[in-house]
2 protein chains.
Amino acid sequence: MRNGSSVTIYQVARAAGVSPSTVSNLLNGRPGRMLPATKQRVEEAIERLGYRPNRTARQLRTGRTQAIGLVVPSVANPFWGTFARHLEGSALAEDYHVLLCNSEREPERERRYLEQLWDDGIRGVVLCSSLPSLDHVKPLLEAGLTVVAFDRTAQAGDPETLVNISVDNVVGAHLVTQHLLGLGHRRLAYVSGSLRAVNRQERYRGYLSAIAEAGLDMAAANAELSTSDDRYGDRDAAELGRARTVELLNSPNPPTALVAMNDMCALGVCAGVRDTGRQVGEDVSVVGFDDILLAELCAPALTTVRQPLERMAAEAFQHLRTGIEGGAPVAGRSLLIRPELVVRASTAPPR
Amino acid sequence: MRNGSSVTIYQVARAAGVSPSTVSNLLNGRPGRMLPATKQRVEEAIERLGYRPNRTARQLRTGRTQAIGLVVPSVANPFWGTFARHLEGSALAEDYHVLLCNSEREPERERRYLEQLWDDGIRGVVLCSSLPSLDHVKPLLEAGLTVVAFDRTAQAGDPETLVNISVDNVVGAHLVTQHLLGLGHRRLAYVSGSLRAVNRQERYRGYLSAIAEAGLDMAAANAELSTSDDRYGDRDAAELGRARTVELLNSPNPPTALVAMNDMCALGVCAGVRDTGRQVGEDVSVVGFDDILLAELCAPALTTVRQPLERMAAEAFQHLRTGIEGGAPVAGRSLLIRPELVVRASTAPPR
DNA sequence: AGAGAGTGGTGCATCGATTTACTGTTCAGC
DNA sequence: GCTGAACAGTAAATCGATGCACCACTCTCT
């Protein structure tokens with residue numbers, strides 16, 4: 001009752017007049033070990049009884065699961081939601097499940113999650129927290145967990161078997177900053193949450209390098225505007241962008257262009273611009289990063305940097321699969337994808 | 001190796017000088033069956049060896065899993081992302097996992113997912129597709145799956161044990177339409193995707209009832225604007241809103257207020273309004289439904305209907321838990337929550 | 001003294017599938 | 001005619017935890 005009226009391999013075996021081993025052999029791709037007639041009898045029995053193997057029992061025996069873990073900061077952010085969607089698409093095609101975990105970028109929470117996943121038999125995880133250190137994950141990596149770090153480039157001291165998949169954040173931020181400079185902006189500011197995450201550091205670096213390249217006075221370019229270290233959420237990202245922008249624009253000699261760490265933050269920045277009575281894309285230019293769906297939809301549409309999420313998700317899944325099914329973890333490597341600048345209406349020459 | 005260096009209950013038992021049964025008794029909340037001294041020895045052994053019970057083995061034996069399923073149309077929609085986030089929060093507090101599935105509202109895909117979840121030992125699922133018929137789910141319900149239908153009210157012919165949790169869509173749409181009428185709008189239109197989903201039907205009904213109540217000519221109120229039946233996605237929702245809005249506003253005698261089926265659609269509608277050179281909240285009023293984070297952030301901020309997602313997620317999880325842990329499914333019931341109107345800048349009296 | 005209840009445990013079958021080692025048969029090759 | 005490989009298939013141990021049925025022992029009560 002609790003278990004439904006599930007059919008076991010024994011019942012199939014009896015119905016087909018063979019032993020469970022034979023059924024198992026058929027199920028596990030060893031049909032050569034029996035006569036075609038036998039094979040057909042077994043197949044018929046499976047069909048007739050509507051047999052579906054018990055995944056739990058299989059997992060207990062083999063130690064393998066048809067599932068991977070996905071740890072994102074928060075799926076409430078459409079960027080991560082979209083990524084999750086694509087990853088699931090890739091996984092589904094190979095009959096894998098995705099276990100979703102929101103870490104809020106807290107290492108301790110992340111560690112607990114990974115441990116639970118491991119206990120559930122999951123041997124492959126996509127980790128999206130972009131934390132600089134992965135020490136909290138090391139024990140599991142050593143135990144054999146395959147980890148793909150997404151949106152995080154390789155760092156010195158990383159575990160050997162780690163695979164990194166990321167867009168080139170430095171290049172992306174450089175591109176978008178160059179775009180602003182090319183439009184003639186000379187007083188810029190960068191709006192970001194805490195720079196603890198490495199992708200944020202990289203974006204900031206790309207921003208600074210573009211400014212330096214243009215021979216601009218660094219002092220003109222407003223430096224990082226971080227909130228307190230523990231605020232990482234995405235509602236926060238937007239609120240932060242809004243609050244900081246109001247401050248910036250109310251200061252003497254305000255910037256004419258604002259670079260936000262990501263699109264959610266940029267949407268907050270746009271709101272902040274309006275709060276001060278200015279027009280985005282006219283009085284002030286704003287750029288984001290990620291190219292979430294809403295970047296195209298909001299008013300004015302956001303100039304931003306596109307991450308090819310679908311391709312990256314497929315890549316991440318393939319890595320996990322080979323890592324899991326190969327048994328031994330594959331050698332660590334990094335995949336750095338060149339992002340694409342998407343120019344829309346939120347940027348224009350300064351007044 | 002493949003399985004890590006995992007410690008089993010036997011090793012703990014040996015280390016503590018007791019039988020596995022005793023360890024199991026302690027682990028499963030029966031500490032009264034042993035002397036305090038014994039209990040302490042076992043606890044020490046667990047601690048010392050770093051023992052964590054194998055969830056798979058436990059699941060095979062008991063038939064229970066510490067996981068629930070969540071089937072949403074698409075987590076790329078921030079509304080579902082936020083819901084997933086809250087559900088996970090509730091689940092986590094009770095040490096449950098959430099398995100995420102994107103159904104795209106396709107019944108066949110949904111059925112396949114639920115079957116897979118069942119095979120994985122999952123006995124409780126939150127279903128968010130709002131499909132009018134749950135026939136494709138019936139076999140599993142009968143087998144003992146606990147299902148909470150979210151954002152879908154009870155329908156005639158529903159399985160008996162089904163639990164429905166939803167905001168009152170009729171009331172919500174009524175409220176927001178009343179608001180527009182109260183502002184003086186007399187030519188309205190409703191923008192929606194296919195009305196196959198019951199929540200959409202209800203919202204449309206609420207819209208119509210408010211218009212009828214005001215004694216308005218029904219012909220004035222533009223009827224449903226559906227796309228083809230298979231287009232359900234959320235990128236589509238926005239695109240649909242945009243395309244239909246452009247058509248509507250370019251027609252003779254265009255509406256002065258647009259009611260969108262949800263916020264994503266409303267954001268598309270806003271884009272469409274701008275495409276025709278009009279201003280949202282000045283030339284045309286726009287309202288949505290859901291109150292996603294972006295409703296507050298976009299320009300102008302969206303008047304909409306708020307769903308208390310966090311509370312609803314908690315409620316959904318509690319239902320599943322009692323359903324799963326109680327063994328027998330609880331009696332079917334419905335929870336209908338009164339939504340709240342949130343007035344922002346996208347609505348104003350007609351020109 | 002013997003029945004009955006309570007205490008503090010343990011032995012072992014069990015969940016369902018997998019897989020290794022093995023058996024019995026057939027038949028080619030010398 | 002005998003050897004031994006190839007074939008078709010099976011028996012049984014195993015994965016790790018659970019929980020029922022049971023046991024040995026000590027009190028208490030009549």
Side-chain angles (χ1 to χ4, degrees), chain A residues 1-43 45-46 49-66 118-121 123 327, chain B residues 1-43 45-46 49-66 118-121 123 144 325 327:
Chain A
M1 174 73 12
R2 155 158 305 150
N3 209 2
S5 52
S6 58
V7 183
T8 74
I9 201 170
Y10 290 90
Q11 298 172 31
V12 174
R14 185 160 336 126
V18 296
S19 77
S21 312
T22 300
V23 181
S24 174
N25 278 332
L26 179 60
L27 258 50
N28 291 281
R30 286 179 285 270
R33 292 206 193 165
M34 66 206 72
L35 292 175
T38 311
K39 179 176 170 231
Q40 200 184 331
R41 281 209 326 279
V42 175
E43 281 168 345
I46 289 177
L49 300 178
Y51 168 71
R52 292 198 312 269
N54 181 316
R55 284 177 163 237
T56 307
R58 180 177 269 178
Q59 178 181 341
L60 176 60
R61 186 60 239 255
T62 64
R64 285 184 285 270
T65 333
Q66 291 280 94
W118 177 265
D119 289 348
D120 270 339
R123 296 295 173 260
Chain B
M1 175 70 18
R2 157 158 303 150
N3 208 2
S5 52
S6 59
V7 183
T8 74
I9 201 172
Y10 290 91
Q11 298 171 30
V12 174
R14 183 158 342 124
V18 296
S19 76
S21 310
T22 300
V23 181
S24 173
N25 279 333
L26 179 60
L27 258 50
N28 291 281
R30 287 179 285 270
R33 293 209 193 159
M34 66 205 72
L35 293 176
T38 310
K39 179 175 169 234
Q40 199 184 333
R41 278 206 329 279
V42 175
E43 281 169 344
I46 289 177
L49 300 177
Y51 168 70
R52 292 198 312 269
N54 181 317
R55 284 178 163 235
T56 308
R58 177 178 272 175
Q59 177 182 340
L60 176 60
R61 186 61 239 257
T62 62
R64 285 185 284 270
T65 332
Q66 291 280 94
W118 177 265
D119 289 348
D120 269 340
R123 296 297 173 259
E325 294 180 2

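Predicted model, so just to flag it, every value in this text is computed and none were measured. Chain A is the first sequence line, chain B the second, and so forth, proteins listed ahead of strands; every chain is numbered from 1.
Picking from C:dT19, C:dT18, D:dG16 the nucleotide with the shortest atom distance to the side chain of A:R64 gives C:dT19. Taking every side-chain heavy atom of B:T38 into account, C:dG9 is the closest of C:dG9, C:dG11, C:dT19. Nearest nucleotide to the A:L60 side chain, out of D:dA17, C:dG16, C:dT18: C:dG16. Distances were taken from every side-chain heavy atom of A:A57 (C-beta onward) to each of C:dG16, C:dT19, D:dA17; the shortest belongs to C:dG16. You'll find that the side chain of B:T62 is closest to D:dG19, out of C:dG8, D:dG16, D:dG19. Closest to the side chain of A:S24, out of C:dT18, C:dA17, D:dG19, is C:dT18.
When the C1' atom of C:dT7 is taken as reference, atom CE of B:M34 falls 12 Å away, rounded to whole Å. The interatomic distance linking A:R61 (CZ) with D:dA17 (C1') rounds to 16 Å, in whole Å. We find that NZ of A:K39 is positioned 16 Å from P of D:dC7, with the value rounded to whole Å. For the pair A:R33 CZ and D:dG9 P, the interatomic distance rounds to 12 Å; values are reported in whole Å. As a whole-Å value, the separation of A:N25 CG from D:dA11 P is 13 Å. Between A:R55 atom CZ and D:dC15 atom C1' there is a gap of 18 Å when expressed in whole angstrom units. As a whole-Å value, the separation of B:D120 CG from C:dA17 P is 13 Å. Between the CG atom of A:D119 and the P atom of D:dA17 there is a distance of 10 Å, rounded to whole Å.
A donor-acceptor distance shorter than 3.5 angstrom exists from the side chain of A:R41 to the backbone of A:A16, with no hydrogens or angles considered.
No hydrogens or angles were tested; on distance alone, a donor-acceptor pair under 3.5 Å links the side chain of B:S21 to the base of C:dG11.
The phosphate of D:dA17 (OP1 or OP2) has no side-chain N or O of B:N54 nearer than 4.0 angstrom. Under 4.0 angstrom from either OP1 or OP2 of D:dT10 there lies at least one side-chain N or O belonging to A:T22.
Partner of A:D119 under the side-chain hydrogen bond (donor to acceptor under 3.5 Å, both in side chains) criterion, out of B:R52, B:R58, B:R55, B:Q66: B:R52 alone. When each of A:T8, A:L27, A:I46 is paired with A:P53, the side-chain contact (heavy atoms from CB on, under 4.5 Å) condition holds for A:L27 and for no other. A:L26 pairs with exactly one of A:V12, A:T38, A:V18, A:V42 by the side-chain contact (heavy atoms from CB on, under 4.5 Å) rule, that one being A:V42.
Within a 6.0 Å sphere centred on CZ of B:R14, other residues, nucleotides and ligands contribute 12 heavy atoms or fewer.
In terms of heavy atoms, B:P20 sits closest to B:I9 at O-CD1, 3.8 Å.
Here CG of B:L35 is found 12.0 Å from CD of B:Q40. Values are rounded to the nearest 0.5 Å.
Only A:T8, A:I9, A:Y10, listed by number, bring a heavy atom of residues 8-20 of chain A to less than 4.0 angstrom from any atom of DNA chain C.
Here A:R30 lies in heavy-atom contact (under 4.0 Å) with sugar-phosphate atoms only.
At least one side-chain heavy atom of B:T22 sits less than 4.5 Å from a side-chain heavy atom of B:S19.
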